[in-house]
Amino acid sequence: MSKTAIKTTCPYCGVGCGIEARVLDAENHVVNIAGDPQHPSNFGRLCSKGAALGDTVGLEGRLLYPEIDGRRVDWPTALDRIAAKFNAIIAEHGPDAVAFYVSGQLLTEDYYVANKLMKGFIGSANIDTNSRLCMSSAVVGYKRAFGADAVPCNFEDLERADLIVLVGSNAAWCHPIAFQRMRQAKIDNPALKIVLIDPRQTSSCDIADRHLAIKPGMDGLLFNGLLVYLADTGALDQDYIERHCEGFAEALATARASAADFTVLANRCGVAAHDLAQLFAWFAGLDKVVTVYSQGINQSSSGSDKCNAIINCHLASGKIGKPGCGPFSFTGQPNAMGGREVGGLANMLAAHMDLENPAHVDRVARFWQTDSVARKPGLKAVEIFDAIADGRIKALWIMATNPVVSMPDAAKVIEALKQCEFLLVSDCIANTDTVELAHVKLPATGWSEKDGTVTNLERRISRQRPLFQPSGEAKPDWWIVSQVAKRMGFAGFDYRNSAEIFKEHAALSGFENDAAQGGRDFDISGLATLDQAQFDALVPIQWPVTSKTQGGTARLFEDGRFFTDTGKARFIALEPRAPMHAPTPDYPLVLNTGRIRDQWHTMTRTALSAKLNQHKPEPFVEIHPQDALRWGLKANALARIESRWGGMLARVDVSEAQQPGSVFVPMHWTAQLSSHGRVGAVVNPVVDPLSGQPESKQTPVRIAAWAPCWQAMVLTKMPLDIDDCEYHVKIRGHGFWRYHLADQSQRPDLPAWGRGIVGRGSVKPNDCVEYLDLAAGDYRFAEMRDQTLHACMFITHNGELPDPGWLASLFGKPRLTRKERFNLLSGVPPQGEIDSGKTICSCFNVGEKTIVQAIQTRHLNCVTDIGNCLHAGTGCGSCLPELKSILAHAKTIDPASLPIQPTQIPPASEGKEEAFFSGQ
Ligand SMILES: Nc1nc2c(c(=O)[nH]1)N[C@H]1C(S)=C(S)[C@@H](COP(=O)(O)OP(=O)(O)OC[C@H]3O[C@@H](n4cnc5c(=O)[nH]c(N)nc54)[C@H](O)[C@@H]3O)O[C@H]1N2
Ligand SMILES: Nc1nc2c(c(=O)[nH]1)N[C@H]1C(S)=C(S)[C@@H](COP(=O)(O)OP(=O)(O)OC[C@H]3O[C@@H](n4cnc5c(=O)[nH]c(N)nc54)[C@H](O)[C@@H]3O)O[C@H]1N2
Ligand code: SF4
Ligand SMILES: [Mo]
């Protein structure tokens, strides 16, 4: 182990946890990952995704060389081609004929340079980012209220609050370490109240005193109702409103027009009146309240208004700018905030300046020494793809985002990209749904190779530091952009490293930024003189960082001064709007989409870790039992979900956690891993008129059983090549791949086909075991090599498939026993061996059945007992909510019904079926 740990930052969520990485083998990219005990975001903790980062830094799947039209080229050839093509298109059609679509996963330095090239030198503002799909509504909310995109709060505020309202946030899975801090805060202070507002019951309910299962999209109305309640119960902070705010009377009048009557309000929100009354009473009566909001608020056609409805309540009660208070947008991506700082959205200029403000344009032009700064906003994400489709945009450069998967109406995005004259994609991964369409592919360095900064959701700037040399010919994104800029003929891109870019960015933030005259919120001029060594040593710090606030700033607006012209915060008068598309008789259900615990977005990195693919291995649709019954859906069967825009297939998960009328599908699956798991194809391309953020949480859909003629499961050491099967999903296991296959059409040669794709036609008879039941339509097959399991396949028409748990464990065994070989095709462990079941704890790889058995046989009574006995739940803690629900459930299970009871299991040879050995 190397002597010193390298301190860096997790590349996943906006919590921005500090990591200590110890490189064990630089050549083979082996690294030990641990939480950084000193980092103020996580104090040493990591969630399942962060902890598994070591599994994702290998060379597997990496894009290693530049390619043009599928052929490897060297960098100068690729860069010359790009510069020439961009210049030609701009010369013929003008600067607005090109666009960049970038990402909150770029480092600040990458982002700064991309924005500078497009807005400062190409002279168009057609640079937008995936943050448009993520927090552009939150930006509009803050800017309207505070005159600046400034997140007032920090993590400590969560710990100091009397009430935390989590609205449209599943922090337990999406910001796990922030959630752990809330959990600990509640343990330390049992008086802390937590209320969750979410149409579904999520793992975040675990720490909540109340869960308000709101009707989808009704949050604006709810917060208008809260404003009215504050006014009617004497809970306004009149002094604060008068001294520090404007527009209150109009906002209250408009709120009253929509939400005057409490009972009507509760009904329209679909929540129990006593729960709503309790939330309102707590909000009004408790001193310190933080409202945490995320995609359940932002991803809405009225997301901006919902953000302001929340902020209105905090302003009206003076619950802002004080410890334990504030409207806290939980940013998703590791550097969505950094992107906002450099002006990465199409309607912003750099350093929190505005494109439509001539003084700002002039200032940036002088700083960058250019006279081409764009003067009007560019196209937003959804508009960019529309403009490609209708030919206005001819060339697109996509960096660090996978729009074919993450954009709404994804089929249209594919069509647009296919007809784009020049599509350039920079990514670390060779095969993604988007990279596959590119004319030019550029290999970018990824986390563990990159060097620069990110800003977390509480304005904290942290360093990402390299652990390894770049793989293959991969280059940092800032380098690639600078090289193209220089070749296009622009000056001002002679950067040698990210430190130089950071300094320029810091200098711009302080350029003509006079705090005494109101100034701009984003100011890190205190960091503008860092030399390389100081940049390398930079410790996490919250902006603003100026000569006066050298140690950073924990909380904003403590003096009640805002960044509006008058210095006062603005109330916004809001008329709540329902989601744009209401359910209809044809499309009667509301499709809600979002995240699962162990996957990150389009899985390009988390799918590399076997550990992270066991918890929820397959695309699924969660549906309430009543709805399942109504639409004829069985648990674990397949269903087709269809909207006016497109369809997909998913495994049915029947759950009371859903409310009737809604279904939930995760956003993660792509064509790389599933045949029909891309939910973006189904999502409506409706956007918020102010922010341009898509309404990814509410699309009217219908659902129906998708009954296959046959289904199969394969576990194999070698990946399969499958192109002639309607439904397939590929899942990484420890040392093997697992596939689920299904098809609606009959295949007369099914056993031969199965053997063909699994064994690739070269199975030696002595190496295989087979089972065929012609009458039942069951076929099972396993191939051994040197007494180890190489592959096994289970095909059934109408029957059951075995659980994969025990079979998966066989791949770790150097030699199968005779008993194991004997039981193999039943999928059931021999007596004495345990099938651990579905993975619950990813950190320690503990399965559901193991946990149930331990609870019953060792009489475990709480999650601490489980932790002591099995370690489950003692790593990142993300599975604690599930452990609790297993505890509650396990006590009621009759032990005899557990599949791990060996007496229940007939040996494979005792079946009535006629089995025979195939000698071919
Ligand atoms: N594991 C994991 N963590 C992640 C990510 C990931 O991909 N995987 N991505 C990161 C990113 S970029 C982001 S933006 C964040 C997102 O973090 P979150 O916003 O917490 O995650 P989501 O699952 O998108 O949505 C949150 C919740 O909104 C609820 N919701 C849907 N409709 C409504 C509604 O009308 N009202 C209310 N009140 N709630 C509603 C959904 O049911 C869901 O539980 O997560 C970050 N963290
Ligand atoms: N239906 C639905 N759709 C959604 C959402 C939802 O809740 N529901 N959420 C939306 C939200 S909030 C978000 S943030 C988006 C996220 O969606 P995307 O941004 O499309 O998802 P990622 O998988 O994070 O894509 C990042 C890509 O960049 C690559 N990459 C990683 N690091 C680097 C790097 O340093 N440089 C370069 N050049 N490439 C890199 C990765 O391999 C990957 O291909 O999805 C949005 N789409
Ligand atoms: S909470 Fe998890 S994903 Fe988010 S930054 Fe921390 S370790 Fe990474
Ligand atoms: Mo996001």
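Counting from 1, the numbers follow the sequence of the chain as shown.
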Heavy atoms, side chains only, cut-off 4.5 Å: are Ile197 and Val165 in contact?
yes
If you look at every heavy atom in Pro619 and Val729, which pair is closest and at what distance?
CD-CG2, 3.8 Å
Looking only at side-chain N and O atoms, does Arg732 offer a donor or acceptor that is under 3.5 Å from a partner on Gln614?
no
Which pair of heavy atoms, one from Ser655 and one from Glu622, lies closest together, and at what distance?
CB-CG, 3.8 Å
Salt bridge between Arg132 and Asp688, side-chain N to carboxylate O under 4.0 Å?
no
If I compare all heavy atoms of Ile310 with all of Pro327, which pair ends up nearest, and what's the gap?
CG2-CB, 4.3 Å
Does a side-chain N-to-carboxylate-O contact under 4.0 Å join Lys49 and Asp598?
no
Ring centre gap for His676 and Trp706 strictly below 6.0 Å:
no
Ignoring hydrogens and geometry, is there a side-chain-to-backbone donor-acceptor pair from Lys306 to Ser137 under 3.5 Å?
no
Passing option when Gln299 is tested against Gln693, Lys697, Glu695 for side-chain hydrogen bond (donor to acceptor under 3.5 Å, both in side chains):
Lys697
Short N-O contact, Asp275 and Arg210, less than 4.0 angstrom
yes
Which label fits Phe330 and Phe328: parallel for a plane angle under 30°, tilted from 30 to 60°, or perpendicular past 60°?
perpendicular
Residue pair Leu396 / Phe385, side-chain heavy-atom distance below 4.5 Å:
yes
Side-chain heavy-atom pair Ile393, Ile384 within 4.5 angstrom cut-off
yes
When you compare the side chains of Asn224 and Ser258, does any donor N or O come within less than 3.5 Å of an acceptor on the partner?
yes
Arg340/Asp149 salt bridge by N-O under 4.0 Å criterion:
yes
State, with a plain yes or no, whether a side-chain heavy atom of Trp397 is found less than 4.5 Å away from one of Ile127.
no
What class does the angle between the rings of Phe664 and Phe620 fall in, given that below 30° is parallel, 30 to 60° is tilted and above 60° is perpendicular?
tilted
Does a side chain donor of either Thr108 or Asn335 reach within less than 3.5 Å of an acceptor in the other side chain?
yes
Determine yes or no for a side-chain-to-main-chain donor-acceptor pair under 3.5 angstrom, with Asn308 supplying the side chain and Asp305 the backbone.
no
Do the ring planes of Trp600 and Tyr12 sit parallel (below 30°), tilted (30 to 60°) or perpendicular (above 60°)?
tilted
Has the side chain of Trp645 got a donor or acceptor atom that lies under 3.5 Å from a matching backbone atom of Pro408?
no
Are there more than 12 heavy atoms of other residues, nucleotides or ligands under 6.0 Å from atom CD of Gln419?
yes
Check whether more than 12 heavy atoms from other residues, nucleotides or ligands sit under 6.0 Å from atom CZ of Arg651, and answer yes or no.
yes
Heavy-atom nearest pair, Leu638 first then Val652, reads C-CG2, 4.2 Å
Please lay out, stage by stage, how Ser842 and Arg597 fare under the test side-chain hydrogen bond (donor to acceptor under 3.5 Å, both in side chains).
CA-CA 10 Å; Ser842 298; Arg597 192 187 80 191; 3.0 Å; yes
If you take all heavy atoms of Tyr101 and Asn130, which pair is closest and at what distance?
OH-CA, 3.4 Å
Lys/Arg N to Asp/Glu carboxylate O, Asp386 vs Arg392, below 4.0 Å
no
To the nearest 0.5 Å, what is the distance between CE on Met407 and OG1 on Thr434?
10.5 Å
Which pair of non-hydrogen atoms, one from Ser48 and one from Cys876, has the smallest distance, and what is that distance?
N-SG, 3.3 Å
Output yes when a side-chain donor or acceptor of Asp627 lies under 3.5 Å from a complementary backbone atom of Pro660, and no otherwise.
no
Out of Val701, Val621, Thr593, Ile641, which residue meets the side-chain contact (heavy atoms from CB on, under 4.5 Å) rule with Val679?
Thr593
Donor on one side chain, acceptor on other, Glu575 and Thr254, under 3.5 Å
no
